[in-house]
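Worth knowing before you read on, the calculation uses all heavy atoms, side chains too, and leaves out hydrogens, waters and symmetry mates. Order of the sequence lines fixes the chain letters, A, B, ..., with proteins taken first and strands second; residue numbering starts at 1 for each chain.
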Amino acid sequence: MRIATFNVNGIKARLPRLLEWLEETKPDIACLQELKSVTENVPVADLQDAGYHALVHGQKGFNGVAILSREPAELVMAGLPGEDGLEDGKDDHARYIEADVSGLRVASIYLPNGNPVPGAKFDYKLRWMDRLRERVAHLWDAEVPTVLTGDFNVAPEPRDVFSVRAMAGDALTQPESRAAWRSILSQGWLEALRAVHPHDEELYTFWDYQAGAWPRNAGIRIDHHLLSPTIADRLLDAQVDKEYRGREKASDHAPVWIEIAD
DNA sequence: ATGGTGGAGGGTCCA
């Protein structure tokens, strides 16, 4: 079974690339981020024609996440709990959706970028990571077979960025961001791509549109899969669909996938 | 310090 993540950076602008990628790589489950669309404008009919059910948590203009699946999925929650001061305790950003599908729990995650540092957005990122840690601790404690995947907007280690110096002031590499990332992993989750490629350099998933980042391979690794133990035991492979970043009208992220034994 | 690019949506905001 193949479980992929793809930050599409606008599902309407990206629809031809998305449908092409679904057809060519046939993921069983595809977690999408940055739909940049309200739920009712997501082209679910095109996705259904491609053979996918779609659970969508959209938002006007930015954010927005979805879970596409070959088999029907059952929504568990849309919106990350725990933000103070909001009526229902849910987030006012559409950055989290969780569902049961094909015998496992899957979450599609779009973690806040957090720039500039310091500032309110960085504070929000760190709060959000703390809330994510609390949510997934519950899944861990309940021993739910789980795949947490998406754009975490954290480059875990110095080798996960093309230039430590160029990224030094960025929210994606701050010690606080990395500490929050580690505090989630320390629950016991396996980070799949690095587990499969423990020694790879230049293992990137995002290349900025600006400054010729793609042609000079100035990438960073911020899209991840975290696996609970029974899923980790079934892990067969993990790869970046890097070639898609070089296509016409590409997203600035490449898709990333894992293969687990059926 | 600035600009470089791209998506959404009709302002700028976001990355």
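Ion pairing between A:E24 and A:R247 holds under the 4.0 Å rule for side-chain N and carboxylate O. Remark: A:R131 does not engage A:E134 in a salt bridge, criterion side-chain N to carboxylate O under 4.0 Å. Between A:R127 and A:D130, no side-chain nitrogen of the basic residue sits less than 4.0 Å from a carboxylate oxygen of the acidic one, so the salt-bridge criterion is not met.
Rounded to a whole angstrom, the distance from the C1' atom of B:dG11 to that of B:dG7 is 15 Å. Using atom C1' as the reference point in both B:dC14 and B:dG10, the two lie 15 Å apart (nearest Å). B:dT5 and B:dG9 have their P atoms separated by 22 Å, given to the nearest Å. Comparing the P positions of B:dA1 and B:dT12 gives an interatomic distance of 25 Å, to the nearest angstrom.
The distance between atom CG of A:D170 and atom C1' of B:dC14, rounded to the nearest whole Å, is 14 Å. What separates NE2 of A:H93 from P of B:dC14 is a distance of 8 Å, to the nearest Å. A:F122 has its CZ atom 17 Å from the P atom of B:dC14, to the nearest Å. Here the C1' atom of nucleotide B:dA15 and the CG atom of A:L111 are 14 Å apart, to the nearest Å. For the pair A:N9 CG and B:dG6 P, the computed distance is 11 Å after rounding to whole Å. For the pair A:Q59 CD and B:dG7 C1', the interatomic distance rounds to 14 Å; values are reported in whole Å. Atom CG in A:N41 sits roughly 17 Å away from atom P in B:dG7 (whole-Å rounding). Rounded to an integer number of Å, the gap from CD of A:Q210 to C1' of B:dG7 is 13 Å.
The side chain of A:K60 contributes an N or O atom lying less than 4.0 Å from OP1 or OP2 of B:dG10. Taking side-chain N and O atoms only, A:R245 has no distance below 4.0 Å to OP1 or OP2 of B:dG6. Here A:K36 does not reach the OP1 or OP2 of B:dG6: none of its side-chain N or O atoms lies under 4.0 Å away. Note on A:K121: every side-chain N or O is 4.0 Å or more away from OP1 and OP2 of B:dC13.
A tilted orientation is assigned to the rings of A:W181 and A:H224, their planes being inclined by 30° to 60°.
Among the heavy atoms of the strands lying under 4.0 Å from A:Y110 are primed sugar atoms or P, OP1, OP2 only; no base atom is included.
Figure legend: cation-pi geometry between A:R221 and A:F206 absent, as NZ or CZ is not positioned both under 6.0 Å from the six-membered ring centre and within 45° of its axis.
Mapping A:I11 and A:N113 onto DNA chain B by nearest heavy atom places A:I11 at the nucleotide closer to the 5' end. Of the residues near DNA chain B, A:G114 and A:L35, the one whose nearest nucleotide (by heavy atom distance) lies more toward the 5' end is A:L35.
If you check B:dG7, B:dA15, B:dA8 against the side chain of A:R95, the one that comes closest is B:dA15.
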